[in-house]
Chemist: 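My questions all concern the structure below.
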Amino acid sequence: MSLNEALAERLHEMSRLLELLGENQFKAIAHSRAARVIESLPGPVESMDKPALVALDGIGDKIADKILEFCASSAKGAPRIPEHEKMLKEVPPGLLEILDIPGLGPKTVRAMWQELKIVDTASLKKAIDNGSLLKLPRMGEKAIEKIKSGLALGEEATRRIALGLALPMAERIADELRAQKGVERVEVAGSLRRGKDTIADIDLLVMVADVAGVAPKLQSAPKAGAKTSAKLPASKTKQEEPHPVIEAFCSLPDVRQVISKGPTRASVRAVINLHSGRWKGGGPDEHPKEPTMQVDVRVIPERSFGAALMYFTGSKDHNVALRQRALAQKQTLNEYGLFPEDDEETPPQDRGIKPVASKTEAEIYKVLGLPYIPPEVREHAGDIAEFEKAGKVPKLIELSDIKSDLHAHTTDSDGRMSMRELVECALQRGFHTIAVTDHSKSSAIANGLSPERLRAQIKIVQNMNKVLKSEGIDIRVLAGSEVDILADGSLDYEDDLLADLDIVVASPHAGLSQDPATATKRMLKAISHPLVHIIGHPTGRLINRRHGLEPAMEELIAAAKQHSTALEINAHWMRLDLRDIHVRAATKAGALIAIDCDDHEASDFDNLRFGIATARRGMLTPDLCVNAWSREKLLKWLKSKGR
Ligand SMILES: [Zn+2]
Ligand SMILES: [Zn+2]
């Protein structure tokens, strides 16, 4: 774990401890906000001084001091924040575990502790069994059932699932919902829509034609074009029955448990279909039996769909910033719309007040005086001001911008495709260029090529280009290698051989638990090597599996920029390496980025969209992405390196 991650974890825990101790809520919020800021720092926090820390949006004076305490003590071998330790002494350790149970908030957990002396899951179970938990205010049978199922789900519920597993699952369920009667539109929301590399749960929003009596807080809306009265009162009894779409959702074949079900929403746990490809994992395959994850579905009427989509897409920081912005403009923004503000306690939608904007996200942003902000960059509150200043969001890269794949394997090493099959796949995607980059000799398990075999392969590639040309097929095959970056930063082939290649992708495969300083030196050596074009999966991390290297990424980025070496976003959903925050730092510095699928089999080309999501989160624009360049520009860059 890097110091950034350790610190973020510590700050998150402080926020939770503050809540359990019943302290000022704003103080707790400030700590969790600071934790998120630290999580997304591109460089090591220990290199920052106080002015640099307080300059960050979301870090105040007091928290900056705590961060400095943490870093200073870390340099002595044991990172600590005295206030954190003091609080830990006051709160029984088991309480934090209870707070992890889905559906339990800090207020309830604090009441359990103060009034019933519940201090861990064991005493919580006891209080459920002997009925004493019922004595707590607002604690009924239903709430207790929820706690019980939360306890049973335990660890599984807190687990984050790889994007590459969650997205296909969400799409499958969305398709099933689209097939239901009256459903007009289904959208994925939450962190999945924002393209995060791992997902806690899936949020789906369903737009239905007829919402009469569906949402307790919403008046019935007339079906478009239908002659119904907008003032039709919603009947009470009807409100309590789940909408047919909710019923249909809860009885889908993949649903294993219904956690909760109401008139317009339901939460279930549904089966994750594991991949059958090279990597089956992403976390859940380590599960003993059928892995599941939580899926939440909400039924929303058309007229507030945009507001709901915005609200349930998040991020939390983004939503808070937008709400504050609305307030400053004397308006109220919530999941039902953007309303003209008044000071009543009852929410505007419950008093028949019409929203100024609610149907689409675009119109809400517009009324707020902002350009449309794509979901992938709704992460940091500070970005909003930048978008506003620029009057637009940079044109983020899209799937259709990608015109080449520069990292792919054939049956010569550990791929499953022949060179010709690889070319066919690239043609199907409309690429103008495909690179053959099999493994180098040290990757023995992957059947890495000896120098002799690589020389022979170069000839085969040259011949392939001739054949393709004679067939009138317009694609260029590049002779390349994914050459190992050895532990000391040297490369696995002699320079003479590398110089004969069209493209050199250099990647770390072994020695991935090196200390950060050694890893930095190793990677800098490869980046500045005059024959290297691309650094493949620069940290070697595997999501939910392996941490990988933790080099000083800012130094790597600066060197990459200086030497015109591209850093790869490996698009495989198990890798997504570079990760989003590093892409963001690279983009800001103006370094080149490659987005490659590291194809081993035909279906690997489908992973490109995950790489694009990571790239967009990093605010990558097409001009900095070598795969988005024309063939001429790409070849010019490739030739700029070398002899
Ligand atoms: Zn590799
Ligand atoms: Zn590879």
Side-chain angles (χ1 to χ4, degrees), residues 164 277-279 281 404-419 421-422 425-426 431 433-449 453-454 457 461 477-487 489-493 498 501-514 519 522-523 526-527 529 532-543 545-549 551 556 565-579 582 593-608 610-611 614 626-627:
R278 189 162 45 110
W279 274 316
S404 61
D405 200 334
L406 304 174
H407 180 172
H409 299 267
T410 71
T411 45
D412 281 351
S413 65
D414 61 348
R416 290 188 188 171
M417 289 174 285
S418 68
M419 199 181 291
E421 283 167 337
L422 182 65
C425 282
F431 291 168
T433 302
I434 176 82
V436 176
T437 59
D438 277 310
H439 287 287
S440 63
K441 61 182 199 296
S442 289
S443 282
I445 310 167
N447 190 22
L449 274 60
R453 287 178 64 211
L454 180 56
Q457 197 191 48
V461 171
V477 189
L478 300 177
S481 170
E482 182 184 12
V483 61
D484 266 53
I485 303 173
L486 305 176
S490 60
L491 301 181
D492 200 21
Y493 290 126
L498 294 175
L501 295 168
D502 299 319
I503 184 166
V504 175
V505 178
S507 311
H509 288 113
L512 296 176
S513 41
Q514 276 174 333
R522 172 191 193 180
M523 299 308 290
I527 290 169
H529 191 294
V532 169
H533 297 100
I534 296 175
I535 301 295
H537 47 74
T539 72
R541 73 134 169 191
L542 292 180
I543 287 173
R545 288 256 184 104
R546 180 171 73 207
H547 225 79
L549 300 170
L556 265 54
T565 304
L567 300 174
E568 180 188 73
I569 298 172
N570 192 295
H572 198 289
W573 53 271
M574 278 289 289
R575 291 197 183 271
L576 295 177
D577 173 20
L578 292 181
R579 66 187 71 189
H582 295 150
I593 294 285
I595 308 175
D596 293 318
C597 289
D598 195 355
D599 311 288
H600 284 72
E601 52 195 302
S603 62
D604 285 345
F605 280 86
D606 296 334
N607 288 325
L608 186 55
F610 306 125
T614 297
V626 296
N627 309 74

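Remember, predicted model here, so these are calculated numbers, not experimental data. Positions are given from 1, in the same order as the sequence printed here. Atoms within each ligand, like the ligands themselves, are counted from 1 in listed order.
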Chemist: Answer yes if the side chains of S442 and D484 hold a donor-acceptor pair under 3.5 Å, and no otherwise.
Modeler: no

Chemist: Looking at H407, E482, E568, which hits side chain to side chain donor-acceptor pair (under 3.5 Å) with H537?
Modeler: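 Among H407, E482, E568, the one that satisfies the side chain to side chain donor-acceptor pair (under 3.5 Å) with H537 is E482.
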
Chemist: Around the Zn ion (ligand 1), list the protein N/O/S atoms within a radius below 2.8 Å, excluding water molecules.
Modeler: E482 OE2, H509 NE2, H537 NE2

Chemist: Would you say D438 and T410 are linked by a side-chain donor-acceptor pair, where the criterion is simply a distance under 3.5 Å?
Modeler: yes

Chemist: Take D492 and K441, measure what salt bridge (Lys or Arg N to Asp or Glu O under 4.0 Å) needs, and give me the verdict at the end.
Modeler: CA-CA 7 Å; D492 200 21; K441 61 182 199 296; 3.5 Å; yes

Chemist: If I consider every N, O or S atom in H409, which one ends up closest to the Zn ion (ligand 2)? I only need its name.
Modeler: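 Of all N, O or S atoms in H409, the Zn ion (ligand 2) lies closest to NE2.
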
Chemist: How about N627 and D405: does a side-chain donor come under 3.5 Å of a side-chain acceptor?
Modeler: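 Their side chains do not contain a donor-acceptor pair, so the 3.5 Å distance test is not met.
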
Chemist: Quick one: sort the H439 and H409 rings into parallel, tilted or perpendicular, breaks at 30° and 60°.
Modeler: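 Ring orientation, 0 to 90° scale: parallel.
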
